[in-house]
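So the structure is just underneath, and the comments pick up after that.
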Amino acid sequence: MRKQRVSVADAGVLVLGLGRFGQSIAAKIDQLGLDVLAVEKDPALITQWSGRLPLVQADAANPEALEQLGAGDFPVAVVAIGTALESSMLATANLVDLGVQEIWVKATSVKHGRILQRIGAHHIVFPEQDAGARVAHLVSGRMLDFIELEDDFSIVKMRPPLQICGRTVGDIDIEGRYGVRVIGVKSPGKEFVYVNRRVVVSPEDLIVVGGQSGRLEAFAALG
């Protein structure tokens, strides 16, 4: 019988491993006001985070331990175990067996990620690789923030090129000319607004733009 889907807001998130990656995720989820339960086997890390996060000391590679703490009741789980590859894979397999709806796993290499996918992980995260790519985009032009989604589609926050300033978005035809779409504009001292054809962009504004990564790079390089 298929399990009924449960929302994160109702049941929270399970985080396995309290290394730097796991700490960051668990703390942020807690700050967002969502329930989180961290699982860590290292007594020193348990002591460090005791009283700061809901946590339990257990070995996530042990299927009985996860079953006893109710891991299968969480709709989303994050396997943040990085260096111990065997433990990472065993913990992922245990979550798959328990029927967790969404399993996010930290991978340390492409090969590791492929194995995790074959085991049944739904989302593979490469923290160092992703961070490196993001920083490369940020230091190469006028971009202030960069989020890469799927199929080479990205969303960036940036200063507007001077070529598009002082005229309405409709007059410039940014999408037709540059192959990107301006989604919104934040002017100093004003609220963020979604773009329509009548919006005029000024050099002091911040703009949010979506499109293929290469076209966004070329758009940002207009200066």
Side-chain angles (χ1 to χ4, degrees), residues 2-135 145-150:
R2 189 172 182 177
K3 292 175 62 176
Q4 183 177 357
R5 292 190 66 85
V6 180
S7 71
V8 170
D10 292 333
V13 179
L14 180 69
V15 177
L16 307 183
L18 275 178
R20 285 181 296 178
F21 182 64
Q23 292 172 13
S24 176
I25 290 177
K28 188 60 178 180
I29 291 172
D30 187 58
Q31 290 174 10
L32 292 173
L34 299 172
D35 291 331
V36 60
L37 176 64
V39 179
E40 173 58 55
K41 69 176 183 179
D42 186 342
L45 288 174
I46 289 291
T47 300
Q48 177 184 343
W49 285 90
S50 180
R52 299 164 63 185
L53 285 173
L55 49 80
V56 61
Q57 183 174 354
D59 184 359
N62 184 339
E64 293 182 357
L66 288 185
E67 188 172 6
Q68 289 175 4
L69 60 86
D73 295 331
F74 287 85
V76 176
V78 179
V79 181
I81 304 168
T83 55
L85 301 188
E86 182 178 353
S87 295
S88 168
M89 292 184 284
L90 287 173
T92 302
N94 292 337
L95 295 173
V96 172
D97 291 342
L98 290 171
V100 176
Q101 293 170 191
E102 283 194 45
I103 304 171
W104 295 73
V105 189
K106 173 186 176 181
T108 56
S109 67
V110 173
K111 183 177 180 181
H112 183 201
R114 288 174 181 168
I115 295 173
L116 293 169
Q117 283 184 319
R118 291 175 182 175
I119 291 173
H122 304 106
H123 308 278
I124 309 299
V125 182
F126 299 91
E128 293 183 359
Q129 178 179 320
D130 294 344
R134 179 173 178 271
V135 171
D145 205 352
F146 179 94
I147 302 174
E148 187 171 14
L149 305 178
E150 296 182 354

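Since the model is a prediction, treat every value here as computed from it, not as a measurement. For reference, positions follow the sequence shown, starting with 1.
Taking each heavy atom of Ala80 and Gly17 in turn, the nearest pair found is CB-O, 3.8 Å. The minimum heavy-atom distance linking Gly22 with Val15 is given by the pair O-CG1, 3.9 Å. Closest non-hydrogen pair, Ile81 versus Ala91, comes out as CD1-CB, 4.1 Å. The nearest pair of heavy atoms linking Gln101 to His122 is O-CE1, 3.0 Å. Ile124 and Ala107 make their closest contact through CG2-CB, 3.6 Å (heavy atoms, listed as atom of the first residue, atom of the second, distance).
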Determine, step by step, whether Leu69 and Leu14 satisfy the side-chain contact (heavy atoms from CB on, under 4.5 Å) criterion, reporting the C-alpha distance in whole Å, the side-chain angles of both residues, the deciding distance to 0.1 Å, and the verdict. CA-CA 10 Å; Leu69 60 86; Leu14 180 69; 4.2 Å; yes
Begin from the C-alpha positions of Met89 and Ile119 and carry the test side-chain contact (heavy atoms from CB on, under 4.5 Å) through to its verdict. CA-CA 8 Å; Met89 292 184 284; Ile119 291 173; 3.7 Å; yes
Give the C-alpha distance, both sets of side-chain angles, the deciding distance and a yes or no for side-chain contact (heavy atoms from CB on, under 4.5 Å) between Leu95 and Phe74. CA-CA 10 Å; Leu95 295 173; Phe74 287 85; over 6 Å; no
Under the side-chain contact (heavy atoms from CB on, under 4.5 Å) rule, what do Asp42 and Leu18 come out as? Steps first, then yes or no, please. CA-CA 9 Å; Asp42 186 342; Leu18 275 178; over 6 Å; no
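No side-chain heavy atom of Val105 sits under 4.5 Å from any side-chain heavy atom of Gln117. Within the 4.5 Å cutoff, the side chain of Val100 has no heavy atoms near those of the Val76 side chain. Looking at heavy atoms from C-beta onward, Val78 lies out of side-chain contact with Leu16 at the 4.5 angstrom threshold. Side-chain contact between Gln57 and Glu40 is absent, with no heavy-atom pair separated by less than 4.5 Å. In this structure, the side chains of Asp35 and Val13 stay at 4.5 Å or more apart for every pair of heavy atoms.
Evaluation of the ring pair (Phe, Tyr, Trp, His ring centres under 6.0 Å) test over residues 23-66, restricted to residues two or more places apart or in two chains, returns none.
Heavy atoms from other residues, nucleotides or ligands lying under 6.0 Å from CZ of Arg20 number 12 at most.
Judged purely by atom type and a 3.5 angstrom limit, Asn94 uses its side chain to pair as donor or acceptor with the backbone of Ala61.
Applying the side chain to side chain donor-acceptor pair (under 3.5 Å) test to Ser88 and every residue at least two apart in sequence or in another chain returns His112.
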